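Working notes, structure below.
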Amino acid sequence: MDCFRQSLTENSYTRQEEMNFARCDRHQRARVSTLLSLAAAMAGYDYDARGLTHDVLWDRGEVFLLSRIALKIQNCPRVRDVLDVTTWEDGTKGAHMQRVYELRDQAGALRCAIRSDWVLVDPRTRRILWPESFTAKAITTCPVDIDCPPTRKVLLPRTGLEELGTRPVYWSDLDGNGHLYSGNYGDIVWDFLPADLRERTPSAFYINYSREATLDQELRLLGIRDGEDAYLMEGVGPGGTCFTCRCEFSE
């Protein structure tokens with residue numbers, strides 16, 4: 001059996017990942033939650049390999065929280081696919097630190113590309129820090145042309161929304177920062193999508209993480225169709241909107 005590989009360069013990190021049953025939906029396609037989770041995990045693996053673990057960053061008073069993600073799914077990964085997942089930092093924009101990703105199969109074909117925006121936060125005060133205050137390392141830029149649209153602000157109209165139901169935040173939803181894990185939003189969204197759209201293959205997904213959702217809070221889910229091939233959803237918690245997203249579908 002071959003061992004899965006990982007590699008580190010000056011400005012990139014690559015790790016092989018297999019799509020097993022737990023990472024895929026009933027049609028054996030990689031779930032959007034899996035792709036979101038990979039984006040979060042790969043950022044951590046990259047910094048871990050450079051000696052900047054979560055504990056090290058926490059002690060420095062500098063941790064990263066996801067703000068926005070854009071996914072473009074060129075060819076949705078499926079069960080048993082082995083992917084080379086590569087991530088690069090990609091500079092800064094305003095208060096955001098940017099990171100990009102490619103997922104390629106063993107033939108070298110691009111299966112998915114991702115762009116993400118992160119904010120730097122003091123973990124104790126939750127105060128947002130500007131990128132120039134990050135002193136752990138110099139932020140690099142990606143030398144590769146990433147085939148993914150930029151992240152975007154997702155806004156829902158104020159009229160015509162469907163009431164989709166409510167979803168409590170459970171203990172198993174939480175991550176080490178004490179809030180609902182960024183990848184889990186993908187499963188929440190798919191659980192509340194109209195049934196006909198859940199059966200279709202996603203081609204793009206955009207999400208804005210606006211406010212933390214914590215244990216025992218309840219999210220009120222609202223949504224609306226945008227034509228035949230897209231759906232917008234919003235999750236509102238006790239303090240306001242926690243996330244907004246846009247799902248796009250092909251077949």
Side-chain angles (χ1 to χ4, degrees), residues 31-48 52-71 92-99 114-131 133-134 136 151-156 161 163-193 205-223 232-247:
R31 302 200 312 270
V32 164
S33 63
T34 295
L35 303 177
L36 296 177
S37 296
L38 273 176
M42 288 293 295
Y45 293 146
D46 185 354
Y47 270 29
D48 286 352
L52 297 175
T53 65
H54 183 271
D55 288 345
V56 168
L57 292 175
W58 186 284
D59 289 342
R60 297 175 67 97
E62 301 174 329
V63 298
F64 293 97
L65 297 180
L66 265 169
S67 175
R68 296 177 182 175
I69 281 187
L71 303 175
T92 65
K93 184 177 181 181
H96 290 123
M97 301 168 80
Q98 300 178 305
R99 180 174 285 275
I114 306 173
R115 294 184 184 273
S116 62
D117 295 341
W118 301 70
V119 291
L120 187 66
V121 174
D122 184 318
R124 297 172 181 85
T125 66
R126 290 300 202 256
R127 181 172 65 91
I128 294 177
L129 308 172
W130 283 88
S133 67
F134 184 59
T151 61
R152 57 192 288 184
K153 189 170 186 178
V154 179
L155 294 173
L156 275 68
L161 299 178
E163 288 276 357
L164 303 175
T166 59
R167 167 58 155 80
V169 178
Y170 298 112
W171 174 261
S172 59
D173 289 322
L174 304 181
D175 63 15
N177 290 318
H179 57 216
L180 199 155
Y181 178 57
S182 59
N184 291 352
Y185 285 86
D187 283 339
I188 292 173
V189 170
W190 253 252
D191 284 342
F192 284 85
L193 277 175
F205 181 75
Y206 304 85
I207 187 167
N208 299 169
Y209 301 100
S210 304
R211 183 176 277 104
E212 293 178 292
T214 56
L215 183 63
D216 295 333
Q217 289 184 344
E218 193 167 73
L219 296 178
R220 174 187 172 214
L221 283 306
L222 305 166
L232 303 173
M233 193 180 297
E234 178 178 45
V236 182
T241 298
C242 292
F243 79 91
T244 53
C245 71
R246 176 181 176 86
C247 316

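Model, not experiment: these values are computed from the prediction.
With rounding to the nearest 0.5 angstrom, the NE2 atom of H96 is 11.5 Å from the CG atom of L120. Going from atom OG1 of T244 over to atom CD of E234 covers 7.0 Å, rounded to the nearest 0.5 Å. Separating the CG atom in N208 from the SG atom in C245 is a distance of 9.0 Å, to the nearest 0.5 Å. Atom CZ of R246 and atom CG of L155 lie 11.5 Å apart (nearest 0.5 Å).
Taking the side chain as every heavy atom from C-beta outward, V169 and L174 approach each other to under 4.5 Å. Considering only heavy atoms from C-beta on, Y209 stays 4.5 Å or farther from L65 through its side chain. Side-chain contact between I114 and I69: present, with at least one pair of heavy atoms (C-beta onward) separated by less than 4.5 Å. Between R220 and E163, some side-chain heavy-atom pair lies under the 4.5 Å cut-off. Looking at heavy atoms from C-beta onward, L219 lies in side-chain contact with L180 at the 4.5 angstrom threshold.
Looking at S116, its side chain does come within 3.5 Å of a backbone N or O of R99 through a donor-acceptor pair. Formation of a donor-acceptor pair under 3.5 Å by the D122 side chain with backbone atoms of R127 is not found in this model. Side-chain atoms of D175 come within 3.5 Å of backbone N or O of N177 as a donor-acceptor pair. Formation of a donor-acceptor pair under 3.5 Å by the S67 side chain with backbone atoms of D117 is not found in this model. A donor-acceptor pair under 3.5 Å links the side-chain atoms of R124 to the main chain of W58, judged by distance alone.
Taking all atoms of both residues into account, the shortest heavy-atom contact from G61 to L129 is O-CD1, 3.6 Å. The minimum heavy-atom distance between A41 and Y181, with the atom names listed, is N-OH, 4.4 Å. Of all heavy-atom pairs spanning S37 and G183, the tightest one is OG-CA, 3.5 Å. The minimum heavy-atom distance between A39 and W118, with the atom names listed, is O-CZ2, 4.2 Å. Between L66 and A40, the shortest heavy-atom distance links the atoms CD1-CB, 4.4 Å. Contact between P123 and V63 at its shortest, heavy atoms only, is CB-CG2, 3.8 Å.
With sequence neighbours left out, D187 forms a side-chain contact (heavy atoms from CB on, under 4.5 Å) with R31, S33. Partners of P238 under the side-chain contact (heavy atoms from CB on, under 4.5 Å) rule, at least two apart in sequence or in another chain, are Q217. Legend: residues meeting side-chain hydrogen bond (donor to acceptor under 3.5 Å, both in side chains) with T34, ordered by chain and number and at least two apart, are absent. Residues forming a ring-ring contact (aromatic ring centres under 6.0 Å, His included) with F134 (at least two apart in sequence, or on another chain): F64. Remark: D173 engages R167 in a salt bridge (Lys or Arg N to Asp or Glu O under 4.0 Å) (not counting sequence neighbours). For W130, the side-chain contact (heavy atoms from CB on, under 4.5 Å) partners are A95, E132, not counting sequence neighbours. In this view, L52 and Y47, V56, L57, A136, K137 satisfy the side-chain contact (heavy atoms from CB on, under 4.5 Å) rule, not counting sequence neighbours. With sequence neighbours left out, the salt bridge (Lys or Arg N to Asp or Glu O under 4.0 Å) criterion links R211 to no other residue. Listed by chain and number, the residues in a salt bridge (Lys or Arg N to Asp or Glu O under 4.0 Å) with R152 amount to none (sequence neighbours excluded). Shown here are the side-chain hydrogen bond (donor to acceptor under 3.5 Å, both in side chains) partners of N184, two or more places apart in sequence or in another chain: there are none. Judged as a ring-ring contact (aromatic ring centres under 6.0 Å, His included), and not counting sequence neighbours, the contacts of F243 are Y185. Legend: residues meeting salt bridge (Lys or Arg N to Asp or Glu O under 4.0 Å) with E212, ordered by chain and number and at least two apart, are R126.
In the displayed structure, I128 atom CD1 is contacted under 6.0 Å by at most 12 heavy atoms of other residues, nucleotides or ligands.
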Would you sort out whether L215 and W171 count as a side chain to side chain contact (heavy atoms under 4.5 Å, CB included), showing the intermediate values?
-> CA-CA 6 Å; L215 183 63; W171 174 261; 4.0 Å; yes
Could you walk me through whether I188 and M233 pass the side chain to side chain contact (heavy atoms under 4.5 Å, CB included) check?
-> CA-CA 10 Å; I188 292 173; M233 193 180 297; 5.8 Å; no
Yes or no on side chain to side chain contact (heavy atoms under 4.5 Å, CB included) for R115 and R68, after CA distance, side-chain angles and deciding distance?
-> CA-CA 8 Å; R115 294 184 184 273; R68 296 177 182 175; over 6 Å; no
